[in-house]
A.B. asks: 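Shown below is the structure under consideration.
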Amino acid sequence: MSANKKIILSGMRPTGKLHIGHYVGALENWVALQNDYQNYHLIADYHTLTTSLNTDNVYEDSIEMAIDWIASGINPEKSPIFRQSKIKEHTELFLVFSMLITKARLEKNPTLKEQIKDLNLQTIAYGHLGYPVLQAADILLYKGDVVPVGEDQVPHVEITRQIASNFNENFKKPDGKLIFPIPEPKITQFARLPGLDGKAKMSKSLDNTILLSDDTDAIKSKMKKAFTDPAKLRKGDKGNPDICLVYTYHRKFNPEGIQEIREGCTSGSLGCFDCKMKVSDSLSNFLLPIREKRSVLEQNKSGVLEVLIEGEKKARIIAENTMEEVRTSMKIG
Ligand code: TRP
């Protein structure tokens, strides 16, 4: 691990097998950044409690998520992968940070408001209100300079910035130096990959995903149902690729063929079925190395657990050190 690289802390809640929306929206970016930055990858298992108390699958889902991360190109020797619940300092710093932000500020969080509306919640748990405070602890324990996130997570990084400044104003190292950086959000470049139904978001709960683990047949059968230009009913009809979801997938997964697809669609010579089969083949080829790597890892889940335990050892050293600095600066303990 390099001392002078900027630090990235990225994380996801473990929700099981990942889909191509996760890949395009996050993973691809993490992999691209792992040489220029020192990356840490957090499996935010405690964060899953905010929306569900059914923890039966959290362990297994964490392993599956790590498999997808590694298969997608994260090198865990360079970029440690670890579970939040295995590093006690996350909850400790969460407690300290929870004194540095007001209830009113947390209630203003637009991501939380949206979630309350979407899930139709009448009230929320105390810890759910504190979701971004735990996230701030996740980021700042490792002194993250940069947090790669989607748009919906920017408000959380803003709360992290506020907590870091507030801490820095109140507590300093004995030599007067500041403990925490003020992290920057780094918005992922490619816009969100829409779901198969054409909805803005690909999401397990909307049942509109293609998994990184899906094979060619699975991809084809899902793609058959994908949303296309509703005015193009049969081969021969002229289509508008700019409103077609399948064309968006071609842009991402079949960039060399894009001109041919556009011409075929707009002239009518290419039917939607054939167009979908083509993109399925491109996508399947694109995913092939990930699929191969993940099936090897699937055969050796205890090896994956070992990788996490190794990551946790490295993360713990840093987290313990930061917490020691925090307690010293606060003259506690
Ligand atoms: N809130 C993030 C999400 O839902 C997950 C997360 C938890 C996270 N801790 C983090 C992301 C720290 C970045 C940094 O996707």
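Just so you know, ligand 1 is whichever comes first in the structure, and atom 1 is the first atom listed for that ligand.
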A.B. asks: What is the closest protein heavy atom to atom 2 (C) of ligand 1, and at what distance does it sit?
C.D. replies: Gln153 OE1, 3.4 Å

A.B. asks: If we ignore hydrogens and angles and just use 3.5 Å, is the side chain of Asn208 paired with the main-chain N or O of Lys201 as donor and acceptor?
C.D. replies: yes

A.B. asks: Provide, to 0.1 Å, the distance between atom 8 (C) of ligand 1 and the closest protein heavy atom, together with that atom's residue and name.
C.D. replies: Gln135 NE2, 3.5 Å

A.B. asks: Closest non-hydrogen protein atom to atom 4 (O) of ligand 1, residue and atom name please, with distance?
C.D. replies: Tyr131 OH, 3.0 Å

A.B. asks: Any luck finding a side-chain donor-acceptor pair between Lys78 and Asn35 under 3.5 Å?
C.D. replies: yes

A.B. asks: With ring-ring contact (aromatic ring centres under 6.0 Å, His included) as the rule and sequence neighbours excluded, what pairs involving residues 248-306 come up?
C.D. replies: Tyr23-Phe286, Phe253-Phe286

A.B. asks: With heavy atoms only and a cut-off of under 4.0 Å, state how Leu134 meets ligand 1: side chain, backbone, both or neither.
C.D. replies: neither

A.B. asks: Is there a donor-acceptor contact under 3.5 Å linking the side chains of Ser62 and Asp45?
C.D. replies: no

A.B. asks: Which atoms from ligand 1 have a heavy atom of Val147 less than 4.0 Å away?
C.D. replies: 13 (C), 14 (C)

A.B. asks: Does Val149 come within less than 4.0 angstrom of ligand 1, counting non-hydrogen atoms of the residue?
C.D. replies: no

A.B. asks: Are Phe94 and Leu106 joined in one hydrophobic group, where the rule is that I, L, V, M, F, W and Y side chains link up if heavy atoms are under 4.5 Å apart?
C.D. replies: yes

A.B. asks: Under the ring-ring contact (aromatic ring centres under 6.0 Å, His included) rule, what pairs show up with a residue in residues 147-178, not counting sequence neighbours?
C.D. replies: Tyr131-His156, Phe167-Phe171, Phe167-Phe180

A.B. asks: Among protein heavy atoms, which lies nearest atom 11 (C) of ligand 1, and at what distance?
C.D. replies: Gly11 O, 3.4 Å

A.B. asks: Quick one: nearest non-hydrogen protein atom to atom 7 (C) of ligand 1, plus distance?
C.D. replies: His47 ND1, 3.3 Å

A.B. asks: Short list, please: which atoms of ligand 1 are under 4.0 Å from a heavy atom of Ala44?
C.D. replies: 7 (C)

A.B. asks: Tell me, which protein residue and heavy-atom name are nearest atom 9 (N) of ligand 1, and how many Å apart are they?
C.D. replies: Asp138 OD2, 2.7 Å

A.B. asks: Does a donor on one side chain and an acceptor on the other come within less than 3.5 Å for Asp281 and Asn285?
C.D. replies: no

